[in-house]
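Accompanying notes for the structure given below.
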Amino acid sequence: MQKEPSLKSQASAIFIGNLVGTAFQFLIPAIIVRLISQQDFGIFRQFTLVAGTFEGLLGFGLASSLYYFYPILDTVGKSKVIQQTQLLFGINLLIFILVFSLFGNEILIHLNFSEFVDVKVLIILYLVFMMLSSIVSNIFTLEKNTLLNKIYPPFEKIAKFFIFLIIILTTPGFKGPIIALTLFAAVRLLYVSIHISPYFKRVYKIDVTLFRRQVLYSLPFGLALILNLASTTFDKFFINQYITPTEFGIYSIAFLSIPILKQFFASIHNVVVPQISIFMNENNLKEAVNLWQKTVDKTSSVTIPAVVLFWILAKEIITILYTSPYVEAANYYRIFILMFFVSMFSHEIILRAANKTRYILVSNIIGTIFTILIGLVLIPKFGLYGAITTALLGTITPMLISLYFEKKIMQLSLANWVDWKRIFLNLFICLLVGIPLLVLKDYITNIYLRLLSVGIVFVLTIILFQLKLKLFIFEEQLVTVRKYLKI
């Protein structure tokens, strides 16, 4: 019998694949800003805001529900849950197309996105393609397909890169990247349709019991996602009433985030959630909590150094990727990436695994109300800085509330909840190394040399400290490298 890949090997495979893909993902905006005007770039970013918001609304947490159902079902049940998930996406899309066809113009004009009235069809096509292929981020992990977890993410990003390059060079203005985005979504759907076709060899009748469980599981989670979407996009929709597309383009760069971290989180969480679900179904709370705590050890040991490093090099990163006219975005970027200090606690994992998604809903209701109220005060008074502060608070507030509920479920005191000594020790050594580099880096006049030298010195020094203090989480990989190099 073939041995199943371990959780570590699955997570490593996902991370390696996503890391390679991220390199090409970074190149896409770098090309766009150099081939279209700042105003057109701002309009394109407004399009991704609108399309991304609709995508989140239509997704309704359905793809994430697979992490709960797929591992506990037999072969027939797995086919049923995939088929019914796609059916639910189709129902959502039909409702959206009907409403958007009738009232789309009014909605877009009211939200100050009148430029998109002429590309309304592209919005619909993009959403159809993206929604019906949205399980692509889940299916390889659920199937424990280590190979595809490695090769698909970079393949997807490389394909996206070349599609954007070709279309933007042949189609001027803001419509170029919009068409490229839609074409990419179509290509992704084609691949996903081929991959999941074995699940449709036999089309099953709707399993009413399973269908009901899927809907009931997704309902609070989906409503929570919608509220979280409202909380995290309110600042963008509201500030758009006060600024030009050019200013919006600059502001939107603040949400560049730290792609390496996002991929790292995804690679671990996509593997851990199904396993914690199994532990929770077996009423094995001790093992579930132990796995969650190990997850936080890993995420925090990478997050803290990454946030400090990207905060130090924010201006250099923005200038190199987006050119100097966008450097103002570095100020907003530095504020927003602080949210990773909360997200590194892997919020919602326990709630999702324990099927306690109603608590996610409660967290997001409270978070959304708070965000809207604080945004209505901060944005008109402080403009873009008020908006980015609202975005930060809107992102971390639901996380903090969810973590409170999870701590209750795990039956742990605050002192025993996570390894606080490890977290604060990591923060201390990062500040100890980072503050001098922040002061000294401007003495290096060449921006590329500055980015490279500061990055290398910081990373190597932090690794040495982590090894010395036994905080390094990649010991196994280090042993493999040493064996390979015969050190």
Side-chain angles (χ1 to χ4, degrees), residues 45-65 88-89 92-93 95-96 99-100 103-104 106-113 116 123 126-127 130-131 134 217-243 248 251-252 254-255 257 262 332 335-336 338-339 342-343 347-348 351-352 357-405:
R45 295 306 290 242
Q46 289 173 329
F47 176 86
T48 59
L49 170 64
V50 173
T53 301
F54 285 140
E55 187 181 344
L57 293 173
L58 295 173
F60 209 71
L62 293 171
S64 294
S65 71
L88 286 166
F89 282 138
N92 287 351
L93 283 166
I95 295 171
F96 168 77
V99 173
F100 197 65
F103 307 107
E106 289 78 5
I107 293 171
L108 292 171
I109 292 171
H110 180 72
L111 293 174
N112 198 28
F113 298 118
F116 303 140
I123 294 176
Y126 171 79
L127 290 170
M130 289 299 288
M131 293 312 306
S134 61
Y217 179 93
S218 299
L219 189 60
F221 190 46
L223 290 173
L225 284 176
I226 290 173
L227 288 168
N228 182 257
L229 194 64
S231 180
T232 54
T233 60
F234 173 76
D235 62 292
K236 302 170 190 66
F237 282 103
F238 194 24
I239 196 65
N240 187 61
Q241 310 299 315
Y242 296 92
I243 59 177
F248 185 88
Y251 176 71
S252 69
F255 305 96
S257 186
K262 292 178 70 175
Y332 313 127
I335 294 172
F336 188 71
L338 298 177
M339 54 81 62
V342 179
S343 66
H347 65 290
E348 297 182 2
L351 294 178
R352 287 162 59 189
T357 52
R358 64 182 178 276
Y359 291 117
I360 300 177
L361 176 59
V362 172
S363 302
N364 283 280
I365 289 173
I366 298 171
T368 301
I369 293 171
F370 173 76
T371 302
I372 291 173
L373 291 176
I374 200 74
L376 289 172
V377 174
L378 293 180
I379 294 174
K381 189 171 184 179
F382 298 104
L384 290 171
Y385 281 100
I388 199 63
T389 304
T390 300
L392 175 63
L393 295 175
T395 301
I396 66 172
T397 301
M399 292 182 188
L400 291 170
I401 299 171
S402 292
L403 288 168
Y404 169 79
F405 287 128

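The first residue in the sequence is number 1, and the count goes up from there. The shown structure was predicted, so the numbers you read here are calculated from the model rather than taken from an experiment.
Nearest heavy-atom pair, Gly59 versus Phe89, reported as atom, atom and distance to 0.1 Å: O-CE2, 3.7 Å. Contact detail for Phe336 and Ala391: the closest heavy-atom pair is CE1-O, 3.8 Å. Heavy-atom minimum distance, Gln241 versus Leu111: NE2-O, 3.4 Å. For Leu127 against Leu93, the heavy-atom pair with the smallest separation is O-CD2, 3.8 Å.
Taking 4.5 Å as the limit, every side-chain heavy atom of Asn92 sits out of range of all side-chain heavy atoms of Met131. Between Phe237 and Leu49, the closest side-chain pair of non-hydrogen atoms falls below 4.5 Å. Residues Leu88 and Phe60 fail the side-chain proximity criterion, which asks for heavy atoms closer than 4.5 Å. Side-chain atoms of Ile107 and Phe116, non-hydrogen and from C-beta on, never get closer than 4.5 Å to each other. With contacts defined as side-chain heavy-atom distances shorter than 4.5 Å, the pair Phe248/Leu384 does not qualify.
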**OP:** Evaluate the criterion side chain to side chain contact (heavy atoms under 4.5 Å, CB included) for residue pair Phe47 and Ile123; output intermediate values, then yes/no.
**Re:** CA-CA 8 Å; Phe47 176 86; Ile123 294 176; 3.4 Å; yes
**OP:** Evaluate the criterion side chain to side chain contact (heavy atoms under 4.5 Å, CB included) for residue pair Phe382 and Ile388; output intermediate values, then yes/no.
**Re:** CA-CA 10 Å; Phe382 298 104; Ile388 199 63; over 6 Å; no
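Checked against Leu229 for a side-chain contact (heavy atoms from CB on, under 4.5 Å), the options Thr368, Asn364, Leu57 give a single hit: Leu57. Leu351 pairs with exactly one of Leu403, Ile360, Leu361 by the side-chain contact (heavy atoms from CB on, under 4.5 Å) rule, that one being Ile360.
Atoms CE and CD, on Met399 and Glu348 in that order, are 8.0 Å from each other to the nearest 0.5 Å. To the nearest 0.5 Å, atom NE2 of residue His347 and atom CZ of residue Phe405 are 14.0 Å apart. Rounding to the nearest 0.5 Å places OG of Ser252 at 12.5 Å from CD1 of Ile239. To the nearest 0.5 angstrom, Glu106 atom CD is 10.5 Å from Phe100 atom CZ.
Using cut-offs of 30° and 60° for the angle between ring planes, the Tyr251 and Phe255 rings count as perpendicular. Under the 30°/60° scheme for interplanar angles, the aromatic rings of Phe234 and Phe238 are found to be tilted.
Not one N or O on the side chain of Thr397 forms a donor-acceptor pair closer than 3.5 Å with the backbone of Gly394. Put simply, the side chain of Asp235 never gets that close to the backbone of Thr390: no donor and acceptor are under 3.5 Å apart.
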Side-chain donor-acceptor pairs under 3.5 Å in residues 371-381, sequence neighbours left out?
from, atom 1, to, atom 2, distance (Å)
Thr371, OG1, Ser231, OG, 2.9
Thr371, OG1, Gly367, O, 2.7

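The 12-atom threshold is not exceeded at OH of Tyr404, counting heavy atoms of other residues, nucleotides or ligands nearer than 6.0 Å.
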